[in-house]
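Encoded as structure tokens, the structure appears first; notes follow it.
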Amino acid sequence: MAFVTALTVLLAATGSSATPFNRRATDGLNIRAVAAGKQYFGSATDNGELSNSAYLSGLSNTADFGQITPGNSMKWDSIEPSRGSFSYSGGDTIQQLAVKNGQKLRCHTLVWHSQLPNWVSNGGFDNATLISVMKNHITNEMTHYKGKCFHWDVVNEALNEDGTFRSSVFYNTIGPAFIPIAFATAASVDPDAKLYYNDYNTENAGSKSTGAQNIVKLIKQYGAKIDGVGFQSHFIVGSTPSQSAQVSNMNAFVSLGVEVAITELDIRTNTPATSSAVAQQAKDYAATIGACKAVAKCVGVTIWDYTDKYSWIPGVFSGQGSALPWDDNLNKKTDIYNAILNAWGSAPTGGATSSAASSATVAPPASTSAVRSTTTSAAPAATSSAAGPVVAKWGQCGGVNWNGGTVCESGSSCTKFNDYYSQCI
Ligand SMILES: *[C@@H]1O[C@H](CO)[C@@H](O)[C@H](O)[C@H]1NC(C)=O
């Protein structure tokens, strides 16, 4: 009986806090990233997941996610499953969601050896024909999404672990020139999109990172444009590169004249995760966020979906998972979440009175791309008080590692729900 009563109270408390908190959030992963001078903190997503309304609501919370990336629906096999036949509905759904939420869109990916239809990989095309097939694919897809993608991953995973070019139909037929040709084509279609090379195991100095730097040089040698390099950052708890190693690696790319981004971050461990693994994971997340924070030209971080429920890890790495800041039940893992928050730095000062939707308008650094996929609605600017940040009703006002305001606006008072969360009600 006592249990039932307690549960009822808990449910009531959750019910009264969850919805307004989402609507009125004044802090979150994206808000902190933007306060640290970044353009976004974002998440990958996928079409099948969007029918889960709780998931969708979390993804659409721009306090946490200022950018989304389609996990699969803009890949070649989704977009051009047979030659010359283009299918945009899956990609469009995610693009339209980004517009609706006021989120930026990282578009992923144009030229990749994987998830490539058989008609391309086994088409037997000669050099000139495959170049025209590739150009046609890039041109069609980028024209369709022109002005809607603030980043494009133009070429994905072109390298072996030793930094040499991976065997693929593109490399085997066209040679290394497939990369600069792809970038030149992309630049001609949507000159405003930031064009990225994206790969994994390039987050640390070494042969593969050097190979990726050579790709940047190759593209420039051809006179083509590359704007950025994405580090996928599919890490493992306890063997994530240190913050300083990631910073110096990023700087090696920045010195070549490109920006960088962390594009597919997750940090996996054996499941179920032990408490010591979680403690290490929090440090590994902090090291990675801290590296991006420390490098001015690191523009943002994307996690490869936000919940373990939809993580790719368990399906690919047997016995591993628990790689993301939300668990299988869409519950926030406070240790990991707070580690990311705190690695970005303190919350913006000034009790924001704006809604979550307007948090998307927390100004990113001025750039044309920053606003291209964002429809902003007029929203009151965050108000600040000389007496320090005053938290609006429904906002967070306390909890472990909370760095924001603790004084509630008049008419509400700070009420503790648990060690990690107090709210102005
Ligand atoms: C294919 O054609 C392109 C463009 O003419 C050229 O740069 C590249 O070297 C050629 N590749 C091979 C393997 O001949």
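Whatever order the structure lists ligands and atoms in, that order sets their numbers, starting from 1. Quick note: numbers below take in every heavy atom, side chains included, and nothing from hydrogens, waters or symmetry partners.
Using cut-offs of 30° and 60° on the angle between ring planes, the pair H144 and Y88 is parallel.
For the pair R268 and D266, the salt-bridge criterion is not met [side-chain N within less than 4.0 Å of a carboxylate O]. With respect to E259 and K297, no salt bridge is recorded, no charged nitrogen being found less than 4.0 Å from a carboxylate O. Using a cutoff of 4.0 Å between basic side-chain nitrogens and carboxylate oxygens, D308 and K333 are scored as salt-bridged.
Not counting sequence neighbours, the partners of F165 by the ring pair (Phe, Tyr, Trp, His ring centres under 6.0 Å) test are Y171.
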For ligand 1, run through the N/O pairs with the protein that fall under 3.5 Å and put one pair on each line.
{"residue": "ligand 1", "atom": "2 (O)", "partner": "N127", "partner atom": "OD1", "Å": "3.4"}
{"residue": "ligand 1", "atom": "2 (O)", "partner": "N127", "partner atom": "ND2", "Å": "2.4"}
{"residue": "ligand 1", "atom": "11 (N)", "partner": "N127", "partner atom": "ND2", "Å": "2.8"}
{"residue": "ligand 1", "atom": "11 (N)", "partner": "I174", "partner atom": "O", "Å": "2.8"}
{"residue": "ligand 1", "atom": "14 (O)", "partner": "N127", "partner atom": "ND2", "Å": "3.4"}

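Seen from the ring of Y40, R106 does not count as a face-on cation partner, given the 6.0 Å and 45° thresholds.
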